[in-house]
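The structure appears below as structure tokens.
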Amino acid sequence: MVKKLIIKNYRSIKNVEIDLELFNAFINIQTYALIDQDPGNASTQKIITELENVLGVGNVFLQEPNLEGMFNFPEKFTKEKALKFFPDWFKENEPPEVYKNIKQKLFS
């Protein structure tokens, strides 16, 4: 059962790797990744593979095909657009399966 939860938004795999080394080497924090699948993007696939190698396949969760595609949103989310869109969407819809899977992993 999760006692504390930290959510970080990374812009680069290099930043993730630094934290993972610290988390794993010194404080043994279980770490999970949520990333866009971005089919056809070789760079993203490489990052997904690297994350799976470090975290384990069951600890990397994919937004398929990507965040905007999951919610049929026609453009990239900005913080402002996301804050307007998501509260209403989640009032009327069940969370996508990937989010249910993360919740189950964290709180079981």
Side-chain angles (χ1 to χ4, degrees):
M1 172 67 88
V2 171
K3 293 180 182 175
K4 294 183 181 182
L5 178 65
I6 299 169
I7 298 174
K8 293 186 79 171
N9 183 7
Y10 292 100
R11 300 282 183 220
S12 163
I13 187 64
K14 291 182 186 349
N15 295 336
V16 173
E17 291 169 345
I18 292 167
D19 273 359
L20 289 177
E21 287 179 27
L22 291 171
F23 292 165
N24 290 329
F26 299 106
I27 47 183
N28 196 25
I29 294 177
Q30 183 61 51
T31 306
Y32 305 97
L34 174 66
I35 185 170
D36 284 354
Q37 181 187 35
D38 289 339
N41 184 325
S43 176
T44 300
Q45 186 54 56
K46 181 180 177 197
I47 292 168
I48 291 168
T49 301
E50 289 175 19
L51 288 169
E52 289 175 340
N53 288 337
V54 173
L55 301 177
V57 173
N59 296 327
V60 178
F61 297 88
L62 301 178
Q63 297 180 124
E64 299 178 35
N66 55 35
L67 178 65
E68 293 78 16
M70 284 175 43
F71 294 96
N72 297 314
F73 199 77
E75 57 192 286
K76 283 284 192 192
F77 281 109
T78 62
K79 287 182 183 179
E80 295 79 17
K81 289 176 184 174
L83 289 170
K84 288 180 183 177
F85 176 82
F86 285 114
D88 290 337
W89 193 93
F90 280 105
K91 283 180 190 174
E92 300 173 11
N93 299 279
E94 284 289 314
E97 197 65 30
V98 68
Y99 300 141
K100 292 178 184 178
N101 294 341
I102 292 170
K103 183 178 177 181
Q104 180 179 6
K105 185 85 168 192
L106 289 172
F107 299 107
S108 62

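Remember, it's a predicted structure, so these values are computed and weren't measured experimentally. Count residues from 1 along the sequence.
- With sequence neighbours left out, N59 forms a side-chain contact (heavy atoms from CB on, under 4.5 Å) with Q30, Y32, L55, K105.
- Follow the hydrophobic side-chain contacts under 4.5 Å out from V57 and you never reach L106; the two are in separate clusters.
- Remark: K91 engages D88 in a side-chain contact (heavy atoms from CB on, under 4.5 Å) (not counting sequence neighbours).
- Considering only residues two or more places apart in sequence or on other chains, E64 meets the salt bridge (charged side-chain N to carboxylate O under 4.0 Å, His left out) condition with none of them.
- Between A82 and P87, the shortest heavy-atom distance links the atoms O-CD, 3.9 Å.
- For E92, there are no side-chain contact (heavy atoms from CB on, under 4.5 Å) partners two or more places apart in sequence or in a different chain.
- Applying the salt bridge (charged side-chain N to carboxylate O under 4.0 Å, His left out) test to K79 and every residue at least two apart in sequence or in another chain returns nothing.
- Atom CZ of F61 sits about 13.5 Å away from atom CD1 of I48, to the nearest 0.5 Å.
- Around atom NZ of K103, no more than 12 heavy atoms belonging to other residues, nucleotides or ligands sit under 6.0 Å away.
- Under the salt bridge (charged side-chain N to carboxylate O under 4.0 Å, His left out) criterion, E80 pairs with no residue, sequence neighbours left out.
- Between F71 and P96, the shortest heavy-atom contact is CZ-CG, 3.7 Å.
- Using a distance-only test at 3.5 Å, with no hydrogens or angles considered, a donor-acceptor pair links the side chain of E68 to the main chain of F77.
- With rounding to the nearest 0.5 Å, the separation of CG in L51 from CD1 in I35 is 5.5 Å.
- Atom CD in Q104 sits 9.0 Å away from atom CD in E97 (nearest 0.5 Å).
- Note: the hydrophobic cluster containing L83 does not contain Y99 (ILVMFWY, side chain heavy atoms under 4.5 Å, direct or indirect links).
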Open item on the list: Apply side-chain contact (heavy atoms from CB on, under 4.5 Å) to residues L67 and F73 and explain how you reach the verdict.
Closed with: CA-CA 8 Å; L67 178 65; F73 199 77; over 6 Å; no
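- Here L62 contributes atom CG and T44 contributes atom OG1; the two are 10.5 Å apart, rounded to the nearest 0.5 Å.
- D36 places no side-chain N or O within donor-acceptor distance of the main-chain N or O of D38, the cut-off being under 3.5 Å.
- Note: I102 CD1 to Q63 CD = 7.5 Å, rounded to the nearest 0.5 Å.
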